Amino acid sequence: MAEFKQSTKLHNVLYDIRGPILQAAQQMEAEGHRILKLNIGNPAPFGFEAPDAILVDMIRHLPHAQGYSDSRGIFSARTAVSQYYQTRGIQSIHVDDIYLGNGVSELITMSLMALLESGDEVLIPTPDYPLWTASVALAGGRPVHYLCDEESGWQPDLEDMESKITPHTKGIVVINPNNPTGAVYPEETLKKIVALAEKHGLVVFADEIYEKILYEDAVHVNLAGLTGENVLCLTFSGLSKAYRVCGYRAGWMAISGPKKDAADYLEGINLLANMRLCANVPAQHAIQTALGGHQSINDLILPGGRLLEQRNKAYDLLNAIPGVSTQQARGALYLFPKLDPEVYHIRDDEKFVLDLLKEQKILVSHGRAFNWVRPDHFRMVTLPNVKDIEEAIGRMADFLGRYPGN
């Protein structure tokens, strides 16, 4: 019989946060073990529910959502997204500049497939959300990682960024608020990134899915509000995180800047949007209601809010473990702790995470799954309630106290 193998296009495509370690956890669950999953930013399993208004609106529209929509998305939802950006002071994003997708993930892949030729380069932060690195590779491009500096709160190293721009560079990815570090970038830093993009003629890809999940005095600045008419900016956001509906797969991409100069590229995006016919129509009907009503995420991030309290507890407990330190997250749903290499002699962070899973039944993600450069970090979500966080980090501390390294 013929042997069928995966395409060579996938040889450089990795997505380890849903890779072998998750498969091991699933096998353990099948054997009857209870696994505390701190590896994926999926609010629903931790008791976070969608606002009732979103559920009601989707249900009411189900009879009218049985057919395909416009490939870019239903008009009312795209209008709501355009108007949202207008309230943020961005007047250049119109209804026809919005594409709705089956989550942001689909739109990221589409935007890169439409742009990149073989060997083209895209600058991506390290650590990153690994879908960006994987999607660049899948599109035939070469992901090039610029450093984010842990000692300065995981801010982008702008000198390192500029040093990695070559004649092959096509774009810069900015993840703000950042996954996995929780960093939120100040306006001055974003302006300098925009200046680099303008100087070198690059597209800016602004991943802003966590823009509403901010703590204390953190302020989010939309990159599209800084790029003006001289830099092409593709902004990605959606309902998954702030509205706790990851499973609905309701995301959008908003295009701003010199669209006439990018007409051929945008025609390519339109082609790919047409090929997938349309995004999930029932979930599209949730967008207008979500953006226009009470923003219940604020109840979770303000003092006394569950997300803020859980973040604080996780931060305090992790930093109390000898040899463990973490920068405080100013946004998003994660912490990215460092394991001091002078204390923990870890050469293989994937094995470390697997050992933790097998002994303590706790699932986290290893740092190199986020294209970090050394095996000395891991990511954990801060979604569990305070009691579960206390138990989980207590078990981590017990494990680390006895862990010889690898």
Side-chain angles (χ1 to χ4, degrees), residues 17 21-22 25 34-48 127 129 148 150-151 153-154 175 177-184 209-210 212-218 241-242 244 246 297-340 343-344 346 349 352-353 355-357 359-367 369-370 372 376-401 403:
I17 58 175
I21 297 170
L22 178 61
R34 178 181 174 271
I35 307 298
L36 181 53
K37 297 178 181 176
L38 305 181
N39 64 316
I40 299 289
N42 185 19
F46 298 97
F48 292 95
Y129 174 52
C148 295
E150 184 170 14
E151 297 306 313
W154 291 112
I175 306 173
N178 187 268
N179 171 13
T181 67
V184 177
I209 189 67
Y210 296 99
K212 291 179 179 288
I213 304 178
L214 304 167
Y215 305 110
E216 295 167 338
D217 61 348
K241 309 300 182 177
R244 289 86 70 197
C246 292
I297 186 63
N298 293 331
D299 301 331
L300 300 172
I301 61 176
L302 293 173
R306 185 178 159 187
L307 286 177
L308 178 64
E309 297 303 313
Q310 291 164 186
R311 180 208 66 153
N312 291 345
K313 178 59 69 173
Y315 172 82
D316 290 341
L317 292 175
L318 285 167
N319 280 308
I321 301 174
V324 178
S325 60
T326 184
Q327 296 287 328
Q328 181 61 289
R330 304 194 71 225
L333 303 170
Y334 315 96
L335 291 173
F336 197 62
K338 179 179 181 179
L339 300 168
D340 186 343
V343 178
Y344 305 106
I346 297 171
D349 55 348
F352 159 73
V353 166
D355 291 342
L356 176 65
L357 170 66
E359 180 176 318
Q360 295 293 340
K361 313 300 186 294
I362 296 172
L363 178 60
V364 297
S365 300
H366 59 295
F370 303 91
W372 182 236
D376 59 356
H377 283 74
F378 66 93
R379 188 194 76 169
M380 65 166 283
V381 302
T382 55
L383 287 167
N385 62 49
V386 167
K387 180 179 178 182
D388 286 343
I389 285 176
E390 290 173 339
E391 178 185 349
I393 297 179
R395 283 154 58 183
M396 285 183 199
D398 178 65
F399 174 79
L400 286 167
Y403 193 64

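Keep in mind that this is a model prediction, so the values were computed, not measured.
Taking all atoms of both residues into account, the shortest heavy-atom contact from Ala314 to Leu335 is CB-CD1, 3.7 Å. The two residues Pro127 and Pro180 have their closest heavy-atom pair at CB-CG, 3.7 Å. Shown here for Leu36 and Ala392, the closest heavy-atom pair between the two residues is CD2-CB, 3.4 Å. Residues Arg34 and Lys361 approach most closely at O-CB, 3.5 Å, considering heavy atoms. Here the closest heavy-atom approach between residue Pro337 and residue Leu318 is recorded as CG-CD1, 3.7 Å. Scanning both residues, Pro384 and Leu38, for their nearest heavy atoms gives CG-CD2, 3.2 Å.
In this structure, the separation between CG on Leu356 and CG on Leu400 is 7.5 Å, given to the nearest 0.5 Å. His377 contributes atom NE2, which lies 14.0 Å from atom OG of Ser365 (distance to the nearest 0.5 angstrom). Taken from CZ in Phe336 to CG in Asn179, the straight-line distance is 9.5 Å, to the nearest 0.5 Å. Atom CG of Asp376 is separated from atom CG of Asp349 by 8.0 Å, given to the nearest 0.5 angstrom. Taking CZ of Phe46 as the reference point, atom CG of Leu307 lies at 11.5 Å (rounded to 0.5 Å). Note that CG of Leu333 and CD1 of Ile40 are 12.0 Å apart. Values are rounded to the nearest 0.5 Å.
Leu339 has its side chain out of reach of Val343: every pair of non-hydrogen atoms, C-beta onward, lies at least 4.5 Å apart. Here the side chains of Thr382 and Tyr315 are not in contact, with every heavy-atom distance at 4.5 Å or above. Between Tyr215 and Val184 the shortest side-chain heavy-atom distance does not fall below 4.5 Å. Looking at heavy atoms from C-beta onward, Glu150 lies out of side-chain contact with Thr181 at the 4.5 angstrom threshold. Proximity of Lys241 to Cys246: side-chain heavy atoms (C-beta onward) are separated by under 4.5 Å at one or more points. With a 4.5 Å cut-off on side-chain heavy atoms, Asp217 and Arg330 count as touching. Residues Ile175 and Asn178 are in side-chain contact: their nearest non-hydrogen atoms beyond the backbone lie under 4.5 Å apart. Counting only heavy atoms from C-beta outward, the side chains of Leu300 and Phe48 approach each other to under 4.5 Å.
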One pair to check against side chain to side chain contact (heavy atoms under 4.5 Å, CB included): Asp398 and Gln360. What are the steps and the verdict? CA-CA 9 Å; Asp398 178 65; Gln360 295 293 340; 3.5 Å; yes
List the steps and the verdict of side chain to side chain contact (heavy atoms under 4.5 Å, CB included) for Leu317 and Met396. CA-CA 10 Å; Leu317 292 175; Met396 285 183 199; over 6 Å; no
Output, in order, the C-alpha distance, side-chain angles, deciding distance and verdict of side chain to side chain contact (heavy atoms under 4.5 Å, CB included) for Asn312 and Leu308. CA-CA 6 Å; Asn312 291 345; Leu308 178 64; 3.8 Å; yes
Step by step, work out the side chain to side chain contact (heavy atoms under 4.5 Å, CB included) result for Met380 and Ile393. CA-CA 10 Å; Met380 65 166 283; Ile393 297 179; 4.3 Å; yes
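Here the options are Ile213, Leu214, Ile209, the test is side-chain contact (heavy atoms from CB on, under 4.5 Å), and the partner is Pro177; only Leu214 passes. The ring pair (Phe, Tyr, Trp, His ring centres under 6.0 Å) with Tyr334 is formed by just one residue from the set Tyr210, Phe378, Phe370; it is Tyr210.
Taking the six-membered ring where tryptophan is involved, the planes of Trp154 and Trp372 are perpendicular, since the angle between them exceeds 60° and thus also 30°.
No donor-acceptor pair closer than 3.5 Å links the side chain of Arg244 to the backbone N or O of Ala44.
A salt bridge between Arg306 and Asp299 is absent, with no side-chain N of the basic residue lying under 4.0 Å from a carboxylate O of the acidic one. Using a 4.0 Å cut-off between a side-chain N of Lys or Arg and a carboxylate O of Asp or Glu, Arg395 and Glu391 qualify as a salt bridge.
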